[in-house]
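Accompanying notes for the structure given below.
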Amino acid sequence: MTDISHGHGHGRNDTGAGLSGKIMCHAMWARDGRQLADFYATALGTKVSRTYPDGSGDDVAFAFHVKGAMYLFYTSESFQAPSWPEEELPFHMDFSFPDVAAAEKRLLEMGATKPDHQPGGKHWTVLLDPSGQPFCIHGTY
């Protein structure tokens, strides 16, 4: 059994206790991490604020913060976009916008695409980001 206490408490994995963790970073990979970081930063109303170099000094990760959470986008030459909807997705993000129609139009102008398969009906719209990864947009609840 793995000890997840990190030196606190009883030093054992107590699955009966509630946890109160917070997501501090959302990380994604793409063939062009900068392009994807710029896309999502613009969608969330901000800009890329930090870059991270590899051992050779080339920037390979790009980040920005929104409401205390970091969004980090890595460049990976071996990245393959998921084959959705044929394959299940291990992870995707949902975004809400006050004017979802205007947001969809702007996201498409920024490089998103809209697949034919739309399982959300009137409830949400699936778009593919510039790297080919699905994400959903909704109106504000």
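Excluded from the calculations below are hydrogen atoms, water molecules and symmetry mates; all remaining heavy atoms, backbone and side chain alike, are included.
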Could you tell me which residues satisfy side chain to side chain contact (heavy atoms under 4.5 Å, CB included) with Asp116, sequence neighbours excluded, listed by chain and number?
none

Counting only heavy atoms not in Phe79, do more than 12 fall under 6.0 Å of its CZ?
yes

For Trp84 and Pro115, which heavy atoms make the closest approach, and how far apart are they?
CZ3-CG, 3.9 Å

Apply side chain to side chain contact (heavy atoms under 4.5 Å, CB included) to Ser20 and list each qualifying residue two or more places apart in sequence or on a separate chain.
none

Do any side-chain atoms of residues 126-138 form donor-acceptor pairs under 3.5 angstrom with protein atoms, and if so which ones, sequence neighbours left out?
residue, atom, partner, partner atom, Å
Asp129, OD1, Ser131, N, 2.8
Asp129, OD1, Ser131, OG, 2.6
Asp129, OD1, Gly132, N, 3.1
Asp129, OD1, Gln133, N, 3.1
Asp129, OD2, Tyr40, OH, 2.7
Ser131, OG, Gln133, NE2, 2.8
Gln133, NE2, Trp29, O, 3.0
His138, ND1, His123, O, 3.4
His138, ND1, Tyr141, OH, 3.0
His138, NE2, Asp94, OD2, 2.6

I want to check something: taking the side chain as every heavy atom from C-beta on, are Lys114 and Leu108 in contact at a cut-off of under 4.5 Å?
yes

Might you confirm whether atom CD of Glu86 has over 12 heavy atoms from other residues, nucleotides or ligands at distances under 6.0 Å?
yes

Measuring only between side-chain heavy atoms, which start at C-beta, is Phe64 closer than 4.5 Å to Leu72?
no

When every non-hydrogen atom of Ala43 is compared with those of Phe97, the smallest separation belongs to O-CE2, 3.6 Å

Considering residues at least two apart in sequence or located in another chain, which fulfil the salt bridge (charged side-chain N to carboxylate O under 4.0 Å, His left out) criterion with Arg31?
none

Does any non-hydrogen side-chain atom of Asp38 lie less than 4.5 Å from one of Phe73?
no

Over all atoms of both residues, closest heavy-atom pair of Ala69 and Ile23
CB-O, 4.2 Å

Between Pro53 and Asp58, is there a side-chain heavy-atom distance shorter than 4.5 Å?
no

With sequence neighbours excluded, residues passing side chain to side chain contact (heavy atoms under 4.5 Å, CB included) with Glu109
Lys105, Arg106

Across all chains, not counting sequence neighbours, the ring-ring contact (aromatic ring centres under 6.0 Å, His included) partners of His92 are none

Are Asp59 and Tyr52 packed together at the side-chain level, in the sense that at least one heavy-atom pair is separated by less than 4.5 angstrom?
no

Kindly determine whether Arg50 and His65 satisfy side-chain contact (heavy atoms from CB on, under 4.5 Å), including the steps that lead there.
CA-CA 9 Å; Arg50 182 133 189 219; His65 289 81; 6.0 Å; no

Output the distance between atom CZ (Phe39) and atom CE (Met28), rounded to the nearest 0.5 Å.
9.5 Å

Do side-chain atoms of Thr75 reach the backbone of Gly33 as a donor and acceptor pair under 3.5 angstrom?
yes

Treating Ile, Leu, Val, Met, Phe, Trp and Tyr as nodes and any side-chain heavy-atom pair under 4.5 angstrom as an edge, say whether Phe91 and Phe95 lie in one connected cluster.
yes

Please report the C-alpha distance between Thr46 and Tyr71 in whole Å, then the side-chain angles of each, then the deciding distance to 0.1 Å, and finally whether the side-chain contact (heavy atoms from CB on, under 4.5 Å) criterion is met.
CA-CA 11 Å; Thr46 191; Tyr71 292 79; over 6 Å; no

Out of curiosity, Met70 CE to Ser49 OG, how far, rounded to the nearest 0.5 Å?
8.0 Å

